[in-house]
Q: 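Handing you a structure now.
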Amino acid sequence: MTVPAPDSPSSRSLLPAPGTDPEWYKRAVFYEVLVRGFADSNADGVGDLRGMIDKLDYLQWLGVDCLWLPPFFASPLRDGGYDVSDYTAVLPEFGDIQDFKEFLDEAHARGMRVIIDFVMNHTSDQHPWFQASRSDPDGDYGDFYVWADDDTGYPDARIIFVDTESSNWTFDPVRKQYFWHRFFSHQPDLNFENPRVQEAIIDALRFWLDLGVDGFRLDAVPYLFEEEGTNCENLPRTHEFLKQVRKVVDADYPDRVLLCEANQWPADVVEYFGENGDECQMAFHFPVMPRLFMGVRREQRFPISEIMAQTPAIPDNAQWGIFLRNHDELTLEMVTDEERDYMWAEYAKDPRMKANIGIRRRLAPLLDNDTNTLELFNALLLSLPGSPVLYYGDEIGMGDNIWLGDRDGVRTPMQWTPDRNGGFSTADPQRMYLPLNQDPVYGYQVTNVESQLRNTNSLLQWLRRMIQVRNEHPTFGLGSFEEVGSRNPTVLSFVRKFGDDVVLCVNNLSRFPQPVELDLRQFEGYTPIELTGRVEFPVIGVLPYMLTLAGHGFYWFELSKPAAEATTDEHEDWEIATSSAVADSLLAAGVVSAPEEIQGDSDTREHGDSAGGPR
Ligand code: ISL
Ligand code: CA
């Protein structure tokens with residue numbers, strides 16, 4: 001297969017100079033890619049860093065801005081690598097530090113950033129710290145973990161991995177004490193009360209920052225500290241420690257981002273941004289995802305409208321991360337019991353599809369591989385507030401394998417071609433780290449990058465175009481969000497506004513064609529221009545604006561201001577909508593023009609004829 005090469009040597013753009021684009025993460029499209037699952041360079045059946053280097057042209061072609069690598073550190077791999085046994089070593093099957101450095105340089109040379117997962121809450125029980133802690137309670141590592149003589153402490157903390165664990169305490173026969181763990185019993189929690197643990201973690205973070213990573217996804221941070229009489233989540237000292245981490249980043253590592261993974265309600269998650277934006281710059285917005293699935297299946301916008309309305313304001317420098325699944329599952333912690341039953345009934349008809357209280361499936365099978373629904377979901381992902389995070393393989397609609405254990409069913413090898421092992425590896429097919437998907441619909445013979453590159457109408461080509469369209473409008477990453485109501489409950493419409501960049505998104509959540517009448521009086525005189533074809537729609541007037549949508553159809557419109565008005569309140573709009581750092585970085589990058597220039601611009605537009613009267 002020929003991986004598409006960048007169009008010209010000049011498209012191998014270097015990252016902007018350090019310090020010139022500090023809020024890049026607000027406009028970025030993120031792409032989560034498993035080192036183990038992307039490409040195998042040395043035919044041992046396991047994906048590796050050198051294999052990923054070979055595929056960077058593809059990722060650049062797709063148009064993603066930042067790669068997120070889940071843990072690739074030394075690990076016994078009993079939890080997909082989230083069980084780390086050495087924070088500063090690469091798992092040998094994946095390569096070594098030199099390979100990682102090269103990977104990073106090659107990504108940067110293509111203008112892509114790289115953030116890596118960092119699992120600070122727990123380690124593998126194979127970590128030398130734990131081995132020392134259990135065998136030598138009085139030694140240097142004796143207090144690195146949370147030990148107790150019995151298993152009665154912190155009874156109010158819930159169990160997260162309910163499929164496999166019955167307690168957050170496990171007895172260690174070596175130390176003859178119980179250790180605390182929020183996840184698997186082979187993953188002891190580190191003891192953050194111990195300042196030496198805090199130092200060790202900050203040292204490990206520095207190690208990767210010094211190598212040049214662009215930031216971290218901070219895994220499972222709500223659980224760092226424990227306190228009797230609480231549920232041991234989101235405790236004040238946890239926030240204190242994260243603020244400490246942010247200070248290190250701000251002091252020594254410009255442009256790096258901290259992306260907080262806290263599977264919590266928005267009111268709790270906003271705390272992770274800090275009161276003044278002095279904690280994590282980004283946090284995942286968990287509750288949006290299940291509500292997209294509920295909204296579309298019920299053909300009702302309300303689940304989505306409600307969660308958007310309940311989403312609190314965040315500091316100027318902060319940004320949400322949004323996704324269509326929490327990478328390895330459609331997690332259902334942020335819904336009511338009733339809603340969870342509904343989701344299981346609709347999306348996990350086979351009990352094998354469940355994992356703990358979530359659903360371990362990929363996007364395409366969740367949506368019955370329906371093209372229109374897949375496009376609608378991706379359009380919502382790319383247009384709702386926050387930076388979108390894609391999951392490898394979803395761009396071609398890869399399937400899952402519910403017969404594999406834990407969440408491995410969604411971690412199968414990337415499908416590049418219809419050839420041996422889907423072009424992922426030339427090894428003996430029996431040596432694959434996980435079997436390739438062979439399903440008649442989703443198998444690599446049918447669903448692969450090569451065939452979708454050759455089909456101009458494929459999901460892959462479509463998604464690439466939509467990413468390009470998104471990139472042309474900073475408002476998708478930076479703009480305000482305002483829902484536009486209508487009497488048709490199946491249609492979700494909203495306006496994203498950033499200075500003079502105004503986009504209207506209209507989404508039909510129903511499988512049937514729908515009409516909708518939108519109250520767009522605030523945009524009287526504006527011309528909607530459809531963003532994929534740049535076709536001008538009738539000018540907005542004072543009457544309700546009427547649109548018809550195909551089943552699961554959607555529109556993205558640029559709302560183009562009538563020339564006469566453009567000179568008046570531009571300056572004010574600009575100042576309200578921009579935080580200075582973002583404005584500066586956009587100006588530096590030439591993405592938007594300064595207020596004066598906008599005015600000059602609109603002076604010329606005055607002579608145009610685009611400003612028609614009301615309908
Ligand atoms: O989705 C969840 C459970 O249903 C989350 O609570 C999630 O498990 C939690 O946020 C932490 O997840 C992370 O650490 C886990 C690992 O298995 C997950 O893959 C990772 O995302 C434990 O190491
Ligand atoms: Ca390999």
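Counting convention: from 1, in listed order, for ligands and their atoms alike.
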Q: Which value, rounded to 10°, describes the OD1(Asp44)-the Ca ion (ligand 2)-OD2(Asp48) angle?
A: 180°

Q: Flag this pair as yes if the NZ/CZ of Arg217 is under 6.0 angstrom from the six-membered ring centre of Phe323 and inside a 45 degree cone about the axis; otherwise no.
A: no

Q: Does ligand 1 have an atom under 4.0 Å from some heavy atom of Arg360?
A: no

Q: Is the shortest heavy-atom distance from the side chain of Arg113 to the side chain of Asp65 under 4.5 Å?
A: no

Q: Within less than 4.0 angstrom of ligand 1, does Asp79 place any heavy atom?
A: yes

Q: Does some non-hydrogen atom of Arg182 fall short of 4.0 Å from ligand 1?
A: no

Q: Considering non-hydrogen atoms of the protein only, which is the closest contact for atom 19 (O) of ligand 1, and what is the distance?
A: Asp328 OD2, 2.5 Å

Q: Would Arg297 count as a cation-pi partner of Tyr347, with NZ or CZ less than 6.0 Å from the six-membered ring centre and within 45° of the ring normal?
A: yes

Q: Cation over ring, Arg196 on Tyr141, under 6.0 Å and within 45°?
A: yes

Q: So, Phe100 versus Phe72, ring centres under 6.0 angstrom or not?
A: yes

Q: Under the rule for side-chain contact (heavy atoms from CB on, under 4.5 Å), what residues qualify as partners of Ser75, not counting sequence neighbours?
A: Leu77, Asp83

Q: Distance under 4.0 Å to a non-hydrogen atom of Asn326: what atoms of ligand 1 satisfy this?
A: 1 (O)

Q: As a test of reading the structure, name the N/O/S atom of Asp40 that is nearest the Ca ion (ligand 2).
A: OD1

Q: In the protein, which heavy atom is nearest to atom 6 (O) of ligand 1, and how far is it?
A: Glu333 OE1, 2.9 Å

Q: For atom 4 (O) of ligand 1, what's the nearest protein heavy-atom neighbour? Residue, atom name and distance, please.
A: Glu329 OE2, 3.1 Å

Q: Please confirm whether Phe161 approaches ligand 1 to less than 4.0 Å, judged on its heavy atoms.
A: yes

Q: Distance under 4.0 Å to a non-hydrogen atom of Thr331: what atoms of ligand 1 satisfy this?
A: 1 (O), 2 (C), 4 (O)

Q: Output the list of atoms in ligand 1 that are nearer than 4.0 Å to some heavy atom of Arg407, sorted by atom number.
A: 16 (C), 17 (O), 18 (C), 19 (O)

Q: Got a salt bridge between Asp105 and Lys101, using NZ or NE/NH1/NH2 to carboxylate O under 4.0 Å?
A: yes

Q: Around atom 21 (O) of ligand 1, find the nearest protein heavy atom and jot down its residue, atom name and distance.
A: His327 NE2, 2.7 Å

Q: Taking 4.0 angstrom as the limit and counting only heavy atoms of Gln187, give me the atoms of ligand 1 inside it, by number and element.
A: 23 (O)

Q: Should the pair Arg298 and Tyr342 be classed as cation-pi, given the thresholds of under 6.0 Å to the six-membered ring centre and 45° from the axis?
A: yes

Q: Quick check: does Ser41 have an N/O/S atom under 3.0 Å of the Ca ion (ligand 2)?
A: no

Q: If we set the cut-off at 4.0 Å for heavy atoms, which region of Arg158 has an atom near ligand 1: side chain, backbone, both, or neither?
A: neither

Q: Report yes or no: does a heavy atom of Asn356 sit under 4.0 Å from some atom of ligand 1?
A: no

Q: Should the pair His122 and Phe183 be assigned to parallel (<30°), tilted (30 to 60°) or perpendicular (>60°) ring geometry?
A: tilted

Q: Name the closest protein heavy atom to atom 20 (C) of ligand 1, giving the residue it belongs to and the distance to 0.1 Å.
A: Asp219 OD1, 3.2 Å

Q: Counting backbone and side-chain atoms alike, does Ala43 have an N/O/S atom under 3.0 Å from the Ca ion (ligand 2)?
A: no

Q: Yes or no on ring pair (Phe, Tyr, Trp, His ring centres under 6.0 Å) for Trp180 and Tyr154, after CA distance, side-chain angles and deciding distance?
A: CA-CA 9 Å; Trp180 176 252; Tyr154 314 129; 5.1 Å; yes

Q: Is there a donor-acceptor contact under 3.5 Å from the side chain of Lys55 to the main chain of Gly51?
A: no

Q: Does Lys26 count as lying over the ring of Trp320, i.e. NZ or CZ under 6.0 Å from the six-ring centre, within 45 degrees of the axis?
A: no

Q: Which residue holds the protein heavy atom closest to atom 12 (O) of ligand 1, what is that atom called, and what is the gap in Å?
A: Glu261 OE2, 3.6 Å

